[in-house]
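As the structure is a computational prediction, the values presented were derived from the model and not from experiment.
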Amino acid sequence: MSENSVNGLSRFAMEAAVALLTGAFGIAVAYGSIEADAGWTDMGPGAGYFPFYIGLLITFGSAANLVYAFVKHRGTGEIFVDMARFKVVLGFLLPLVAFAAVSTVLGLYVGTTLYIAGTMIFQSKYKWWAGLATGIGVALFFFVIFEIGFKVPLLKGPVEAFFGIY
Amino acid sequence: MENIGLLMEGFGHILSFNHILLMMLGVTLGILVGVLPGLGAPNGVSLLLPLTFSMDPISAIILLSCMYWGALFGGSTTSILFNIPGEPSSVATTFDGYPLARKGEASRALTLAFVSAGLGALAGVVMITLLSGWVANFALRFSSPEYFAVYFLAFASFISMGAQSPFKTLVSMMVGFALASVGMDTISGNLRLTFDIPELIKGVSFLVAVMGLFGIGELLLTAEEGLRFDGIKARVRLSEIGRTLIEMPRYWFTIGRSMLIGIWMGITPAGPTAASFMSYGVARRSARDKSQFGKGDPRGIVAPETADHSAGTSALLPMLALGVPGSATAAVMMGGLMIWGLTPGPTLFTDRPDFVWGLIASMYLGNIVAVILVIATVPLYASILRIPFAIIGPVIVAVIFSGAYQVGNAVSDMWLVLVFGLLGYVFKKLDYPLAPLVLAMVLGDKAEDAFRQSMLLSNGKLSVFWSNGLVTTLMLVGLALLLSPLVFWLLGISRRRRLGVPKPPQDGTPAA
Amino acid sequence: MKKSLTIACIAAAAASVAMPAFAFEPDRPVEFVVTAGPGGGTDIFARTIQAIITKYELMKAPIVVVNKGSAGGAEGFVYAATAKGDAYKLTFGTNNAYLLPIRAKVPYTEADLTPVAALASDEFVLWVNGKSDIKTAADFIAKAKAAPGELKVAGSQSKDVDQILTSMINDATGADIGYVPFKSGGEAAVQLAGDHVAANVNNPSENLGQWQAGMVKPVCVFKSERLKSETKVAGNEGWSDIPTCKESGIAIDNYAMPRTVWMAAGVDPDAVAFYTDVLKKVSETPEWQKYLADTSQSGTYMSGAEFSDFIKKDETAVSAVLKREGWLAN
């Protein structure tokens, strides 16, 4: 994937960003471990002993990866994902975020129905009734399997409460 | 052998139409539980438990144990078809199972998995039949230092120098260890790495992590390639199942070795998940041609599946012979035993031989029933794959989200699975290996607990790790496995220098 | 930070629930939150109650059991605590409900929970390996004193009931016995059967199987009188043959772990009354007696003021131990 692309997320930027992210995670882990006693007591290691060094190793590895990113990927023109495909990925990812957000507020049954119906109708250009029917069908299937069959509750929200189901 | 006679009597107790029907019911429910990633075998078994109160103990244990087998089988199905491990122990099956299915050989991959799983389970039962007493006594010799050595051994056998940057492997593995240590620490009883966030006190669930990393991550990759399951749509023909069955004997060596690894990891309490990883690691390492691993090598399916099931079956031995649960599912079954009026423990063999040998006999039959039933479902799965991605993609997402929620009944896990999904997508595109992260999450906190328990037992003396023959041997084998790739690598370099041979293509830890 | 909400929630809950006959009766599924993993003592406790309620139709609404056992059960109690005023969640635990907030920085306090009832109390027994030459509690203490710091007791969880008891033994006898935490009583039982530790203080049901096989043997029970069950469970010995620790060399009078049921703070008192009544009926069934006998627990039903008083007393006693060891979270 080393064409002379200008439009796209550069591989170098992603490498560097991920290295910085894992580095920050490593620092957070090391910091959290100090709070949890990172010493070696006379009865062996404390609660934070191993996590502290794990945090340090993450930070060290991330630093090495960052250097590596500069050495190997900078200015090569390699791209992580080109713009057209990036849009497709976003088109898949954003509904996922919406799904999680809607489910958090309205519960998983409503979230599932809306998500499946939404992606089918707006992304895949199915007829509205086909999308809605599939969405409701899957949600009903979940209800029968989880709630009735296995007695394992899924998250419910105000809509179910309104209908007096839960 | 006396045991064989007892086993035959056991068959006498269970061979009835009703019992076979119960087996089929249990296996079918188990498959369902296994396929849905949020419902695990322990959930399913504890749910059926109240139903069994009115049954006689033999029928009850047949139903529950068959549900367990079914769940183990069901877990591999989604691993192969959608890259979503339905059960924790089927993570390693995704490494080669999913790529093989994507090549259009879904039914071959499924058949390979099911048959080797069945063989693995049979190996476990044979071991229980013949060696239960001896193995139980052997298991009693294990204390925390030995446990630590076993975890170390499992880890050492999987990790190897790969094509990926060693620092990326390091970061990935350490992130796994760090995630495993979030929550309440067993040894001190204190919370750590929770940063005062209430959602973190229960820790980061392994299942949520793999559903995100593998399931959502893979869906994002698929989306990037144009929202289609490409090759997977190929039609399933029954002849393909038959051809795969004929192909099986070719892997006899991999199967045999994986059985041993599985039994070993099942009776030492490392469990099925670690067994499948270790078996996969050893299979890849010992293969002459490594190039196909991670791209759909049949051995990469056979090895983890065989080990997974032989470990899962062997894990019932501590319950029967010692009266302690070897796994969460066994713990639930033991609770059942008490409610049915039996006392789990060594005396069960003498007090209620009909029950014990009935159970063992049902393990043989149950697994055979399970293999037949799951192979019969292969065409069903194939028909699922013919549904267009525009429909099945969102449905898979919904299954993952509800599964993530069910793992801990926590809203925060739905967001966590999304974060792990993004991480999986980005890591995979940047050649960070995911397998070390996952294995570190499985073994990390167990290994740490065992290490610190050893320190408490020995008043802080590190010499406890070579204090007896058993633990010393385990540690030495682990060290040898850890260092061998390095040694071979150095040898390879020096040989190439001398002969001027170009470097052969090396595969790494599978990026899965 | 959560207390300010409580009063508002009581008002809201009281306003929304108003029913004739039994001032409160659940009309939708009731969640049983188990603060332990599947198969643990608390799990069997809750599921036995579920089975009995279903069998005798003591409640019309269906029951859903949810396991939230991470962080020593804190996961479940936090879940309960955040559901203020929710009359459809019962939380099942032990005395960990009020001990956890004292010893660890968990995001809930005892004030976030409403005690409903205690239905059983699990006993503690000092066990040693079956081949050990230790016969009485006095032998055990003498051996511990001969090698300070060398004898180890295995137990379930850290700074929980098992370790608190070990600390009490040290305090009462002046011995120096070490403690090694494992994930469950089952693991502690294997460690003792394999002779890797000197003793454990498991509940009777956790070591029964190994006792019958002669892998472990009981030394004494931490109770003011002997256990009542007369049946011979291991050879010609039964629970009532185990001497009390007090009479045989460890001056600890009574140490038991209540099995308790809780709701969130701010629930309608009528709801608490309803569940108290249901649980009372459960405790009177033959199935419940069988469960108690099978797991060798004592059936002590407590609710209302009696239960609250017990909590206060238990809390004070245990806090003293936690304070002495320096395990207080705050």
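- Within the 4.5 angstrom heavy-atom criterion, atoms from both the backbone and the side chain of V106(C) approach chain B.
- Residues satisfying the side-chain contact (heavy atoms from CB on, under 4.5 Å) criterion with D122(C), sequence neighbours excluded, are N203(C), P204(C), M257(C), R259(C), Q297(C).
- Proximity to chain C (any heavy atom under 4.5 Å) is shown, for F349(B), by neither the backbone nor the side chain.
- Of all non-hydrogen atoms in L140(B) and H196(C), the two that sit nearest each other are O-NE2, 2.8 Å.
- In this structure, NZ on K152(C) lies 12.5 Å from CD on Q453(B), to the nearest 0.5 angstrom.
- To the nearest 0.5 angstrom, K159(C) atom NZ is 3.5 Å from N190(B) atom CG.
- Looking at S144(B), both its backbone and its side chain come within 4.5 Å of chain C, counting heavy atoms on both sides.
- Atoms CG and CD, from N409(B) and E75(C) in turn, are 8.5 Å apart once rounded to the nearest 0.5 Å.
- Heavy-atom neighbours of D196(B) CG from other residues, nucleotides or ligands within 6.0 Å: at or below the threshold of 12.
- Considering only residues two or more places apart in sequence or on other chains, E146(B) meets the side chain to side chain donor-acceptor pair (under 3.5 Å) condition with N468(B).
- Contacts between residues 62-71 of chain C and chain B, counted as heavy-atom pairs separated by less than 4.5 Å, involve V66(C), K68(C), S70(C), A71(C).
- Heavy atoms of K290(C) lying under 4.5 Å from chain B belong exclusively to its side chain.
- Residues M184(B) and L100(C) are in side-chain contact: their nearest non-hydrogen atoms beyond the backbone lie under 4.5 Å apart.
- Atom CG of residue L208(C) and atom OG1 of residue T347(B) lie 7.5 Å apart, to the nearest 0.5 angstrom.
- Taking all atoms of both residues into account, the shortest heavy-atom contact from I187(B) to S158(C) is O-OG, 2.8 Å.
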Side-chain atoms of residues 184-195 of chain C: list all donor-acceptor pairs with protein atoms under 3.5 Å, sequence neighbours left out, distances to 0.1 Å.
residue: S184(C); atom: OG; partner: G186(C); partner atom: N; Å: 3.4
residue: S184(C); atom: OG; partner: E187(C); partner atom: N; Å: 3.3
residue: Q191(C); atom: OE1; partner: S143(B); partner atom: OG; Å: 2.7

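- Contacts between Q50(C) and chain B at a heavy-atom distance below 4.5 Å involve the side chain alone, from C-beta outward.
- With a 4.5 Å cut-off on non-hydrogen atoms, F182(C) touches chain B through its backbone and its side chain both.
- In terms of non-hydrogen atom pairs under 4.5 Å with chain C, the most contact-rich of D351(B), L457(B), D185(B) is L457(B).
- For K183(C), the NZ atom sits in a packed shell: over 12 heavy atoms of surrounding residues, nucleotides or ligands are nearer than 6.0 Å.
- Note that CG of L348(B) is 9.0 Å distant from CD of Q212(C), once rounded to the nearest 0.5 Å.
- Proximity to chain C is limited to the side chain of L191(B), based on heavy atoms less than 4.5 angstrom apart.
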